[in-house]
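Working notes, beginning with the structure itself.
Along the sequence shown, residues carry numbers from 1.
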Amino acid sequence: MTSPFSPLTELPPDPILGITEAYKADPRSDKVNLGVGIYLDESGKLARFQSIQKAEEILFARSEPKAYLPIDGMPEFNKAVQQLVLGADSSAIRDGRAVTVQALGGTGGLRIGADLLKLAAPTAEVWISDPSWENHLALFTKAGFKVNSYPYYDASRRGLNIDAMLASMRSIAPGSILLLHACCHNPTGLDLTPAQWAQVKAIVIERGLIPFFDFAYQGFGLGVEEDAAAIREFVAAGLPCLISNSFSKSGSLYGERVGGLTVVSESKEEARRVLSQVKRLVRTNYSNPPSWGAKLIATVFSDAGLKSQWVGELNAIRMRIQELRALFVKNLQLAGVDRDFSFVEQQIGMFSYTGIAATEVAKLRADFGIYMLDTGRICVAALNKTNVGPVCQAIAKTLKA
């Protein structure tokens, strides 16, 4: 009998996770992984939120049975997500126009949203920024959409290509899906200003586009409330939209796959129909989500003290990342690098588009065990006071070669 899998070809490794696989296989003790998007503390270990740990202690003490959650997830978690993303005083929440379902991380929220849009707008095309998170293209393509890109990054200036971006958006066909990074743009670290967001919102209204926000880094940009500003402006304007959020970074709950999809509709009646469709998508995919991570977040958000501590921890992380950016630039200068890297300090969030070429990336990997994406994107949060010096020395030697 011929194997049914014989026609399948071997695919290349994931462009991000494949870096980690290569890093783990490297026997060198001084290797550094700047590729994967994980926040590490000063000791180079996965960060632990004290607020989350206290929530764990509360839940362990209760010793509750592990029952199935509803199809759309834990109600307390979904309520917390809505208020965090849209604001506790949001008219969309008050009027019942917003529905939230628990998702398997931010990726799960994106995929549920993509499948929902394929039902609602089957002939629409998706537009993502150039560049964007690598999985955006694959995810929406797999959901059956044609995916296009709009300009975003100006490599010559190491900055935002705002004029070209807005011009491109003005040419997008009505009814198209516009994927937007709400904050901490991945991979460039370049965000829109409030005035620029207002221009994008005007184009969305004028062209009748469907905004879909990827909101994986709330709290890592300007602050928990500040990072949600663009989304809330779109919702306040009465625009139907989708928001996928995640607690992987903002709770260091990577392995728990804790995220949500929030859909803002035109009316309460429409929201009810949307929820019924989303629940069917979930039921026929993974039936219902896991409970532990959602319970942790719901516990933190139900306790004013724990929530305040969580916000404080996020603030400390955000400030440390900015300090690491400055330290990276300073150490490059001390290492004798002539190239101007000052733009790194102007970026925000976990990532930086360094401008290091693919050939230089390959040399850094081969000669020094410094791993980053071929695009030159690094995770600034993987740096610390111990490894930043050697990393910058390696970059200096590579750029001079």
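- Glu42 has a carboxylate O that lies under 4.0 Å from a charged side-chain N of Arg320, or vice versa, which qualifies the two as a salt bridge.
- Asp191 places a side-chain N or O within donor-acceptor distance of the main-chain N or O of His185, the cut-off being under 3.5 Å.
- By the ring pair (Phe, Tyr, Trp, His ring centres under 6.0 Å) test, Phe220 pairs with no residue at all, sequence neighbours left out.
- Take Trp127 and apply the ring pair (Phe, Tyr, Trp, His ring centres under 6.0 Å) test, not counting sequence neighbours, and it matches no residue.
- Here Arg325 pairs with nothing under the salt bridge (charged side-chain N to carboxylate O under 4.0 Å, His left out) rule; sequence neighbours left out.
- Judged as a ring pair (Phe, Tyr, Trp, His ring centres under 6.0 Å), and not counting sequence neighbours, the contacts of Phe301 are Trp310.
- With Tyr254 as the aromatic partner, Lys249 does not meet the cation-pi criteria of under 6.0 angstrom to the ring centre and within 45 degrees of the ring axis.
- Residue-environment remark: NZ (Lys79) stays at or below the threshold of 12 foreign heavy atoms within 6.0 Å.
- Between Asp227 and Arg318 no salt bridge is recorded (no basic side-chain N to carboxylate O distance below 4.0 Å).
- Note on Arg111 versus Asp115: salt bridge recorded, some NZ/NE/NH1/NH2 to OD/OE distance being below 4.0 Å.
- Among all heavy-atom pairs drawn from Pro211 and Pro240, the shortest one is CD-O, 3.4 Å.
- In this structure Phe60 satisfies the ring pair (Phe, Tyr, Trp, His ring centres under 6.0 Å) test together with Trp292, sequence neighbours excluded.
- One side chain, Arg377 or Asn186, offers a donor N or O that lies under 3.5 Å from an acceptor on the other.
- Both the sub-6.0 Å distance and the 45° axial angle are satisfied by Lys118 relative to the ring of Phe145.
- The two residues Gln277 and Leu119 come nearest to each other via the heavy atoms OE1-CD1, 3.6 Å.
- Residues satisfying the salt bridge (charged side-chain N to carboxylate O under 4.0 Å, His left out) test with Glu360, not counting sequence neighbours, are Arg339.
- Comment: Glu206 does not engage Arg170 in a salt bridge, judged by the lack of any side-chain N to carboxylate O separation of less than 4.0 angstrom.
- Ser168 contributes no side-chain N or O that, together with a main-chain N or O of Ala164, makes up a donor-acceptor pair within less than 3.5 Å.
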